[in-house]
Visitor: 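Here you go, one structure.
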Amino acid sequence: MPNKACVRAHTNIALIKYWGKRDETNFLPMNSSLSLTLDKLYTDTMVVFDEALPQDFFYLNGEQQGEKETQKISKFLDLFRAEKKTALRARVESINHVPTAAGLASSASAFAALAGAANLALGLDLDPQRLSTFARRGSGSATRSIYGGFVEWDMGTCSDDSFAVPVDDAGWDIGMVIVAVNQKAKEVSSRIGMKRTVETSPFYPAWVESAKKDILDIKAAIAAKDFIRLGEITEANGMKMHGTMLGAEPPFSYWEPDSIVAIKTAQALRKQGIPCYVTMDAGPNVKVLCRLSQAETIKAAFLEHFTEDKLIITKPGKGIRELTEAERAVY
Ligand code: DP6
């Protein structure tokens, strides 16, 4: 058994959103979702299982993490320990590779990287599909970060068949411009926000119904490599998700004034004949889906309202992979 492994996982942005669980313990979603994995934003995680360790240790960006954060990691590693039938404790070292000032660290890349590294370090040999069911139980969006390109998370019927499947490598001039509006910690986490929405928003059942149709439509657009349709469905789906929150009790919204500035900038670009479409997650940052070949032009338009360090261009990212010795040497 190798005991030690280091894995890179990229973050992903949902184009058809996951927003609400039907089973909170097992992270089973109310609807299937579909995302684009991003090249620029990723997490590298090394896991070492060691019989000399009295407990798990967790370091993020070189700093040892406190009890609460470490407990989250321990609980997640317990899934792998149960599978392997071992009690070995681990040392986990994660580095988030996110361009400075972006505030875009994500639980998707974090749990996908940790799942990949724990799988290899324990010699479990889980296939990617099964591994995605493990990643899911760290954070729902992590399910999709196992694969690159466009990825669907099939809601499934139970814990074993709620997994991710690769849909397309997105290698047909697809790109994204991320507008990092704000890096403050969120007031309402996605976990709390989706729970409140499911429990109290009268718009929620309509969201679930509509997301079912959106996922079929977006897969048809991807199959046809129809960028305009892809963008239209993406933008509409994100808006509908944010609409459900305004109907929650108490109502909430992640939008900030600069989010609107970014949305209007994308709309203005469309009027000028440059197709680009926005989507937002549980935060004020705006992600602009575009043709990769037009990303620089789009960024230039955003530079009129945002500083250079807030704008990140990325191409589609790949699925998880083990890092080579040379890449690992940075640790
Ligand atoms: C709006 O995956 O962060 O980004 O499963 O509770 O950890 P938990 O939630 P999380 O929620 C992501 C919500 C979203 C949409 C998406 O990524 O699909």
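The chain is numbered in sequence order, starting from 1. Nothing here was measured: the structure is a model prediction, and the numbers come from that model.
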Visitor: Between R137 and N26, is there a side-chain heavy-atom distance shorter than 4.5 Å?
Guide: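 They are in side-chain contact.
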
Visitor: Contact between D44 and H97 at the side-chain level, heavy atoms closer than 4.5 Å - yes or no?
Guide: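 They are in side-chain contact.
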
Visitor: Strictly below 4.0 Å, N to O, side chains only: are D281 and K17 in salt-bridge contact?
Guide: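 K17 and D281: salt-bridged.
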
Visitor: For A282, check side-chain contact (heavy atoms from CB on, under 4.5 Å) against everything at least two apart and list the hits.
Guide: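 Result, side-chain contact (heavy atoms from CB on, under 4.5 Å) vs A282: W19, K186, S190, Y254.
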
Visitor: Can you name the residues that form a side-chain contact (heavy atoms from CB on, under 4.5 Å) with S106, not counting sequence neighbours?
Guide: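 Only T11, A108, S109 meet the side-chain contact (heavy atoms from CB on, under 4.5 Å) criterion with S106.
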
Visitor: Determine whether Y59 and V92 make a side-chain contact, defined as any pair of heavy atoms from C-beta on separated by less than 4.5 Å.
Guide: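 No, every pair of side-chain atoms sits at 4.5 Å or beyond.
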
Visitor: Compare all side-chain heavy atoms of M241 with those of M194 and state whether any distance is below 4.5 angstrom.
Guide: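 Not in contact.
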
Visitor: Between W153 and F163, does the ring centre distance come in under 6.0 Å?
Guide: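 No.
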
Visitor: Are the side chain of D173 and the backbone N or O of S293 linked by a donor-acceptor pair below 3.5 Å?
Guide: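 Between the backbone of S293 and the side chain of D173 there is a qualifying donor-acceptor contact (under 3.5 Å).
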
Visitor: Please check: side-chain N/O of S259 versus main-chain N/O of P284, any donor-acceptor pairing under 3.5 Å?
Guide: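 Yes, because the side chain of S259 sits within donor-acceptor range (under 3.5 Å) of the backbone of P284.
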
Visitor: Find out whether W207 and N237 are in side-chain contact, i.e. whether some heavy atom of one side chain is under 4.5 Å from a heavy atom of the other.
Guide: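 SC-SC contact between W207 and N237 confirmed.
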
Visitor: Can you tell me which residue among D127, V47, L114, L131 is in a side chain to side chain contact (heavy atoms under 4.5 Å, CB included) with N119?
Guide: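 When side chain to side chain contact (heavy atoms under 4.5 Å, CB included) is applied between N119 and each of D127, V47, L114, L131, only L131 qualifies.
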
Visitor: Mind checking side-chain contact (heavy atoms from CB on, under 4.5 Å) for T307 and listing every partner two or more places apart, or none if nothing turns up?
Guide: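 Once residues adjacent in sequence are excluded, the partners of T307 under the side-chain contact (heavy atoms from CB on, under 4.5 Å) criterion are D309, K310.
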
Visitor: Between H10 and L38, is there a donor-acceptor pair closer than 3.5 Å when you use the side chain of the first and the backbone of the second?
Guide: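 Confirmed, H10 side chain pairs with L38 backbone.
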
Visitor: On the 0 to 90° scale, with breaks at 30° and 60°, tag the F76-F111 ring pair as parallel, tilted or perpendicular.
Guide: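 Answer is perpendicular, since the angle exceeds 60°.
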
Visitor: Please determine whether the number of non-hydrogen atoms from other residues, nucleotides or ligands lying under 6.0 Å from atom NZ of K72 exceeds 12.
Guide: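 No, not enclosed.
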
Visitor: For E83 and R130, what are the C-alpha separation, side-chain angles and deciding distance, and is it a salt bridge (charged side-chain N to carboxylate O under 4.0 Å, His left out)?
Guide: CA-CA 12 Å; E83 183 77 11; R130 184 107 200 283; 3.2 Å; yes

Visitor: For the CD atom on Q55, are there more than 12 heavy atoms of other groups (residues, nucleotides or ligands in this structure) within a distance under 6.0 Å?
Guide: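 Correct, the count exceeds 12.
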
